[in-house]
Every structure is written in C-alpha cells, then in structure tokens.
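Report on the following structure.
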Amino acid sequence: MRAIHVRQHGGPEVLVLADLPSPKPGPGEVLVDVAAAGVNYIDTYHRSGQYHVKPPFVLGNEGAGTVRALGEGVTGVKVNDRVAWTGVLGSYAEQAVVPAHKLVPLPSGVSEELAAASLLQGATAHYLVKSTYEIQPGDWALVHAAAGGVGLLLTQMVKLCGGHVLATVSTPEKAELARQAGADEVASYDEFVNRARELTGGEGFPVVYDGVGRSTFDGSLDALRPRGMMVLYGASSGQVPPLDLQLLNTKGSLYVTRPTLAHYTRDRDELLDRVGEVFSWIGTGLLSVRIGGRYPLTHARRAHEDLHSRRTTGKLVLVP
C-alpha cells in the first residue's frame, strides 16, 4: 500500500510517500480501506516532534473507509461496514489498522469524506459547547479562527444551543464564511476585546473558545467577564507561555482549561453518544461541514503547507 511515512521529525518536507507492506489486523483490530483521511493540527505536532512520536511512523490521526478484514475476537463490526475513527495513528495511507473499539459506524446520510472531515473536529466542537463550558440560551461566546474547521462547527453548535457568537477572522472572505455559519458579530484580531465589551455593556463574555493560542491568549482573558472561562483547545499560532496564576485573580477570578478530546470520550459509550449527535445533525442538515481542500495522498506536503499558512478555510482531507 501507499502511505505517508515520517522517517524523521521536521517540517512538511519530511512527509514522504512510500510503498509499505499492507498491515494485518491483530486481535481486537480491524483492517480498513481508507477512503479519506482528515488533516489536523495534531498531525503537524506529531510530524514536527512537538507531540513526540518516535519515527518512523505513518502519519494521520483520523479517517474513514470500508472494513476489509477482521482480527481475532472482533465483534460488532463486519466486512464492508462503513466506519470512521480518530485518535489512531496511520490514517494517511491506503489502508489502516484500527482497534475495533475506536470505530464509529457511519449512518446513511454521512459519506466517508464527510466523516473524515467532521469526526475529530465535530466531536471537539461538541464537547466544547456541551461539556467544557455548556452554552446556555442567551450566552455570548467568542470563537477564534471562526472560518477554520473547528471554528465553523463551533459557531453553528453555539447557535444550536441558543447562544450568540462573536467570531474572529483575518480576511473579508473568512468573515463572510463565519456569518454564513451563523455568527452574530465578526471582528478582527485587533478589535475583538473592545467588541466583546461593547456587546455586553462592558461586562465581557462568559466563555472564549480559543484554538489559536499564543497570539490571542492575553486578549482572550481581557474579553471575559468575572468568573468567565477561557477554553484553550489549540495552539495554531504557537504554545502559550507559562501563566502567572495571580493574573486570573486580578482579571476577575477567571477559569482557564486546556481540554483534549481523549478526556471527553473516555469510554465507548461517550464516544458514540457524542459522535452520534454530530452525525445526526449533519444527516438532518442542521450542521454544515465545509471541506476547504481535497488533496491526493501524493500532495500531503502541500496540505500541511496550506494549513500552516492559514490560507485555508474549513477542513482539509486527503483522498488516497
């Protein structure tokens, strides 16, 4: 099979297309023919060594496809089932071996490409608005990078929960995408603090959903009301430096959390419940998934370069 093989940590140039032996499923595992693989920031962290994975390895943390073969002892899934997964390395490939308990069945209204474009980011947006800070009707939420993959889904989900969204974007084109997703207000990265204060009579917002990190973190704290929650779920601009906790006191007894999907899908029931609601929203048209770029496996390097450049909107997918 063909796969993107990382032999050393580094930039997008280390993404090498290689011919590798087809993997074989072990006990409790399933072999899947990959129809589409999601491109995510966590892939860049694995590639660069920021999140350490010892090379060599096949990159990719999310995918969807059709079951080809079952390992010993696998139940609840059969050959030719359509499935998706996240949290398993090896998805940038024509075939992948996935633990059976990580697989999510695809309903008829969700294609493999849509699943690869929405599983990780959709489940992330879901836990952010339903569990980390549960949006209540009337709440204002600041959503950074609102034209990105998570941002567009987050904006829609805040609206589904009855909240209001102030979206930050970097271009007029991205502003229009955020508005189409339901954003009530749009601001640049230079003006979002003042706009949050204006919209709340000087009070500030109850929550900020920040996947940008270093460049927005300080301003995000300033946009919060007393006892507001700063939800730092990513770091596309770089990691946030160590924080003096006394700052949270002086800015209004604020809360800061750094969540990750693994802790909000701690067992299979939670995974299926969370993803099931996301896929239901997609299937019924309540949630729109924007695929901002489709790349053949041979262009994985280009996909990472485009992701780093912040030229993209929505979700990027590789199609083996």
Side-chain angles (χ1 to χ4, degrees), residues 41 114 117-118 120-213 215-217 219-225 228-234 236-237 259 277-278 281-282 284-293 307 310-316:
Y41 272 103
L114 271 177
S118 63
L120 189 152
Q121 293 183 338
T124 296
H126 188 279
Y127 83 69
L128 291 174
V129 304
K130 290 282 193 175
S131 300
T132 305
Y133 176 89
E134 186 174 2
I135 292 291
Q136 301 298 314
D139 277 346
W140 273 99
L142 176 58
V143 176
H144 283 308
V150 176
L152 288 171
L153 297 173
L154 254 178
T155 298
Q156 294 174 78
M157 289 187 195
V158 171
K159 299 299 292 182
L160 284 172
C161 293
H164 306 294
V165 174
L166 171 61
T168 58
V169 295
S170 57
T171 68
E173 294 77 17
K174 291 183 177 182
E176 181 57 28
L177 287 175
R179 291 190 182 97
Q180 290 174 8
D184 300 271
E185 299 284 343
V186 177
S188 72
Y189 289 98
D190 294 326
E191 63 185 7
F192 70 82
V193 176
N194 289 337
R195 196 74 191 99
R197 295 291 175 184
E198 290 169 2
L199 289 167
T200 56
E203 175 78 353
F205 282 8
V207 64
V208 175
Y209 296 116
D210 190 343
V212 177
S215 66
T216 52
F217 185 81
S220 294
L221 295 181
D222 290 335
L224 287 167
R225 73 184 185 192
M229 181 176 288
M230 168 62 178
V231 182
L232 181 69
Y233 69 88
S236 62
S237 70
E277 187 162 29
V278 173
W281 287 339
I282 293 171
T284 57
L286 288 174
L287 189 66
S288 175
V289 180
R290 177 180 174 83
I291 298 177
L307 189 65
R310 300 181 73 176
R311 292 190 296 261
T312 63
T313 58
K315 181 62 176 271
L316 307 184

Please name all residues satisfying side-chain hydrogen bond (donor to acceptor under 3.5 Å, both in side chains) with S170, sequence neighbours left out, ordered by chain then number. none
Specify the closest pair of heavy atoms between L232 and P259, including all atoms of both residues, with the distance to one decimal. O-CD, 3.3 Å
Could you tell me the separation between the CZ atom of R290 and the OG1 atom of T313, rounded to the nearest 0.5 Å? 3.5 Å
Residues V193 and G219: closest non-hydrogen pair is CG2-O, 3.3 Å
What pair of heavy atoms forms the shortest contact from A223 to L142, and how long is it? CB-CD2, 4.0 Å
Exam field: side chain E176 to backbone P172, donor-acceptor pair closer than 3.5 Å: no
Measuring only between side-chain heavy atoms, which start at C-beta, is Q121 closer than 4.5 Å to V289? no
So, using ring-ring contact (aromatic ring centres under 6.0 Å, His included) as the criterion, who are the partners of Y41 when residues are at least two apart? none
From L307 atom CG to K315 atom NZ, the distance as rounded to the nearest 0.5 Å: 9.5 Å
Minimum heavy-atom separation for V186 to A178, with atom names? CG2-CB, 4.4 Å
Kindly say whether S188 contributes a backbone atom to a donor-acceptor pair with the side chain of T168 at under 3.5 angstrom? no
Ring-plane angle category for H126 and W281, please: parallel below 30°, perpendicular beyond 60°, tilted otherwise. tilted
Heavy atoms of Y133 and P206 approach each other most closely as OH-CB, 3.4 Å
Hits for ring-ring contact (aromatic ring centres under 6.0 Å, His included) against Y127, two or more places apart or cross-chain, chain-then-number order -> Y264
Only one of D222, L224, V231, L166 passes side-chain contact (heavy atoms from CB on, under 4.5 Å) with V208; say which it is. L224
Any idea which heavy atoms bring A146 and T155 closest together, and the distance? CB-OG1, 4.0 Å
What is the distance from atom OG1 of T312 to atom CD1 of I291, rounded to the nearest 0.5 Å? 13.0 Å
Atom pair CD (E277) and CG (L287), whose distance is rounded to the nearest 0.5 Å: 10.0 Å
Enumerate the residue pairs fulfilling salt bridge (Lys or Arg N to Asp or Glu O under 4.0 Å) with a member in residues 135-162, sequence neighbours excluded, ordered by first and then second residue. K159-D184
The complete set of side-chain hydrogen bond (donor to acceptor under 3.5 Å, both in side chains) pairs with one or both residues in residues 201-210, sequence neighbours excluded, reads D210-T216, D210-S220
Let me confirm one number: the CZ-CZ distance from R197 to R225, rounded to the nearest 0.5 Å. 11.5 Å
Among I135, T124, V129, whose side-chain contact (heavy atoms from CB on, under 4.5 Å) with L154 holds? V129
Using modelled atom types only, decide if a donor and an acceptor are shared between the side chain of Y189 and the backbone of H144 within a distance under 3.5 Å. no
Between Y233 and T132, is the side-chain contact (heavy atoms from CB on, under 4.5 Å) condition met? List the steps. CA-CA 10 Å; Y233 69 88; T132 305; over 6 Å; no
Once salt bridge (Lys or Arg N to Asp or Glu O under 4.0 Å) is applied, what residue pairs with a partner in residues 121-131 remain, sequence neighbours excluded? none
Which distance, rounded to the nearest 0.5 Å, do you find between the CH2 of W140 and the CZ of R195? 7.5 Å
